[in-house]
Asks: 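I'd like to ask you about the structure that follows.
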Number of protein chains: 2
Amino acid sequence: MAAQNEPRTEPRIPLSRERVLRAAVDVADEGGIESLTMRRLAEVLGAEAMSLYYHVANKDKVLDGIVDVIAEEINDVVDRIDVPSKGADWKKAMRQRILSARAVLLRHPWAPGVLPSRATTSPAIVQYFDALVGLMRDGGFSYDLAHHALHALGSRALGFTQELFDPGDGTGDQDPAALESMADRLPHLVGMLAEVAHDDPDSTLGWCDDQTEFEFGLDLILDGLDRMRETV
Amino acid sequence: MAAQNEPRTEPRIPLSRERVLRAAVDVADEGGIESLTMRRLAEVLGAEAMSLYYHVANKDKVLDGIVDVIAEEINDVVDRIDVPSKGADWKKAMRQRILSARAVLLRHPWAPGVLPSRATTSPAIVQYFDALVGLMRDGGFSYDLAHHALHALGSRALGFTQELFDPGDGTGDQDPAALESMADRLPHLVGMLAEVAHDDPDSTLGWCDDQTEFEFGLDLILDGLDRMRETV
DNA sequence: ACCTGAACACCGTTCAAGT
DNA sequence: ACCTGAACACCGTTCAAGT
């Protein structure tokens with residue numbers, strides 16, 4: 001319609017590693033991680049897919065990069081936390097930090113799926129864990145116990161868990177006959193579901209990882225560590 | 001070289017869903033999950049990729065299927081376990097079952113990466129969790145506490161954890177200057193690594209998920225649950 | 001009923017070429 | 001220095017066609 005050398009309405013911002021990564025986070029936030037392709041990413045940036053390779057080595061580095069972006073976002077939040085952590089206070093400080101990290105991840109639902117494979121390569125995540133060890137040291141942990149604690153917390157240290165199996169699943173749309181045969185094969189689960197009012201369907205981070213269950217597991221571990229704290 | 005209608009040395013076993021899934025497990029075991037493509041799977045079976053679609057709907061169903069195969073393998077193993085589980089014995093019974101499940105997963109290193117996304121759809125895994133709830137009931141758990149317990153255990157209930165960050169990583173090939181700047185930025189981790197003899201590099205399930213750390217975290221949770229067992 | 005060839009719509013990525 | 005067009009080697013999958 002318009003003339004062929006129409007003046008650009010937007011003067012075309014040049015690409016950069018930072019722009020590419022920020023756009024990648026946006027794409028993943030909006031369309032899920034499987035929607036993040038080099039071609040789609042380029043499209044969002046108003047460029048060709050091949051142009052991205054001038055700023056990032058390949059797609060793997062993009063994934064490393066967006067994990068690091070999120071980890072920096074977490075660090076920005078938790079570094080602003082300034083509560084006492086000496087002695088018995090370690091637990092409250094740790095708890096608050098982990099729940100704050102979780103709040104960030106809730107805004108990036110793709111992150112828990114991508115983090116496990118790239119966390120080790122993210123400097124920001126290493127920084128985060130360094131701070132956690134610092135809190136435990138404040139609480140009187142030996143390095144050895146702090147090390148065990150990191151392993152025991154696993155992904156919970158960053159605010160999420162990998163739930164394997166949603167106990168509230170698969171009973172929704174069943175006819176009575178199927179339900180009865182299920183009661184035969186799965187007596188304990190059926191009993192559990194009948195009693196546990198699983199009517200709180202705000203699954204947050206996917207995987208039925210809802211807030212109260214997350215906190216239950218977190219407190220279980222933190223309490224256990226707290227008991228070991230002074231004996232080791 | 002040979003005549004064109006040479007008699008087949010092997011009379012060509014017909015495909016079937018079971019053969020496809022078993023071959024898929026083999027491919028993933030040997031080459032990793034990323035090596036499992038429909039074309040490679042067909043090749044292993046001496047067929048064309050398109051022939052697979054007669055026996056499985058699509059690749060997603062193949063992934064669902066191989067998870068179920070592994071879950072059945074786990075059930076076969078744990079169902080042979082027959083130890084007392086009444087009262088205080090629940091913990092030993094649970095522990096043994098989970099560690100046995102872990103032993104199976106150690107033979108299929110790709111499984112922990114695939115399980116989280118498909119566990120809910122595997123009947124065999126649902127069956128596994130039903131048995132776990134049964135053990136906890138034997139131990140006197142309320143359904144409510146058993147439900148919390150499943151969430152608290154998460155993937156640990158099946159014998160693996162998602163480690164985010166290997167505390168023994170990234171210090172191997174560093175020049176002294178880099179090490180010193182690292183000590184500035186990561187004082188606690190550097191201190192921890194200096195003290196914790198992390199010279200046990202038999203990472204088993206990837207993710208630095210080594211056996212003693214797994215058992216430490218598992219016992220921490222089981223002990224915590226055991227304490228709640230009679231008060232709730 | 002079971003299998004296949006050709007083809008399609010997608011990937012990530014290379015490389016020589018443009019400005 | 002930064003970007004791109006054409007092309008390559010791979011995917012999963014459809015569909016009409018073979019036995």
Side-chain angles (χ1 to χ4, degrees), chain A residues 3-28 30-67 110 113-114 117-118 121, chain B residues 3-28 30-67 110 113-114 117-118 121:
Chain A
Q4 61 204 40
N5 53 1
E6 175 178 14
R8 294 208 126 67
T9 52
E10 305 170 40
R12 164 79 116 142
I13 313 155
L15 293 178
S16 70
R17 189 184 128 86
E18 284 65 38
R19 270 196 81 208
V20 169
L21 294 184
R22 261 202 298 271
V25 169
D26 290 345
V27 169
E30 276 160 42
I33 195 68
E34 71 281 0
S35 78
L36 178 60
T37 68
M38 297 301 271
R39 282 170 166 88
R40 169 90 185 107
L41 182 51
E43 190 188 353
V44 160
L45 288 162
E48 298 301 315
M50 306 75 204
S51 310
L52 302 176
Y53 288 86
Y54 192 83
H55 300 94
V56 292
N58 51 41
K59 189 178 178 179
D60 257 36
K61 300 295 182 187
V62 174
L63 294 177
D64 286 346
I66 58 175
V67 161
W110 51 270
V114 182
S117 53
R118 355 285 296 189
T121 69
Chain B
Q4 62 202 39
N5 53 1
E6 176 178 15
R8 293 207 127 68
T9 54
E10 306 170 38
R12 161 79 114 153
I13 314 156
L15 293 177
S16 70
R17 189 183 129 84
E18 284 66 39
R19 271 196 79 208
V20 169
L21 294 183
R22 260 202 299 272
V25 169
D26 289 345
V27 169
E30 276 159 43
I33 195 68
E34 70 282 1
S35 77
L36 178 59
T37 67
M38 298 301 270
R39 283 169 165 89
R40 169 91 185 107
L41 183 50
E43 190 189 353
V44 160
L45 289 163
E48 298 301 316
M50 305 76 203
S51 311
L52 302 176
Y53 289 86
Y54 192 83
H55 300 93
V56 292
N58 51 41
K59 189 179 179 180
D60 257 36
K61 299 296 181 186
V62 173
L63 294 177
D64 286 346
I66 59 176
V67 162
W110 50 270
V114 181
S117 52
R118 357 282 297 189
T121 68

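As the structure is a prediction and not an experimental result, all values here were calculated from the model. Here is how names work: the chains are called A, B, and so on, in the same order as the sequence lines, proteins then strands, and each is numbered from 1. Values below: every heavy atom of this structure, side chains too, minus hydrogens, waters and symmetry copies.
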Asks: Provide the closest heavy-atom pair for Ala47(B) versus Leu15(B) in the form atom of the first, atom of the second, distance.
Replies: CB-CD1, 3.9 Å

Asks: Please report the closest heavy-atom contact between Met38(A) and Leu52(A), naming both atoms and the distance.
Replies: O-CD1, 3.2 Å

Asks: Mark yes or no for whether Arg19(B), through its side chain, and Ile13(B), through its backbone, hold a donor-acceptor pair below 3.5 Å.
Replies: yes

Asks: Is there side-chain contact between Thr121(A) and Val67(A), with at least one heavy-atom pair below 4.5 Å?
Replies: no

Asks: Asp60(A) vs Arg118(A), test: side chain to side chain contact (heavy atoms under 4.5 Å, CB included). Steps then yes/no.
Replies: CA-CA 9 Å; Asp60(A) 257 36; Arg118(A) 355 285 296 189; 3.1 Å; yes

Asks: In chain order, what residues pass the side chain to side chain contact (heavy atoms under 4.5 Å, CB included) check against Glu43(A), with sequence neighbours excluded?
Replies: Arg40(A)

Asks: What does the B/S/- profile of nucleotides 4-14 of chain D look like, 5' to 3', with a 4.0 Å heavy-atom cutoff to protein?
Replies: BBBB---BBBB

Asks: If I compare all heavy atoms of Ile66(A) with all of Leu21(A), which pair ends up nearest, and what's the gap?
Replies: CG2-O, 3.7 Å

Asks: For a quick test of reading the model: is some side-chain N or O of His55(B) closer than 4.0 Å to OP1 or OP2 of dC3(C)?
Replies: yes

Asks: Give a yes or no answer on whether the side chain of Asn58(B) reaches the backbone of Lys61(B) with a donor-acceptor pair at less than 3.5 Å.
Replies: yes

Asks: Under a 3.5 Å cut-off on both pairing distances, which runs of 3 or more consecutive Watson-Crick or G-U pairs involve DNA chain C?
Replies: C:4-8 with D:12-16, C:12-16 with D:4-8

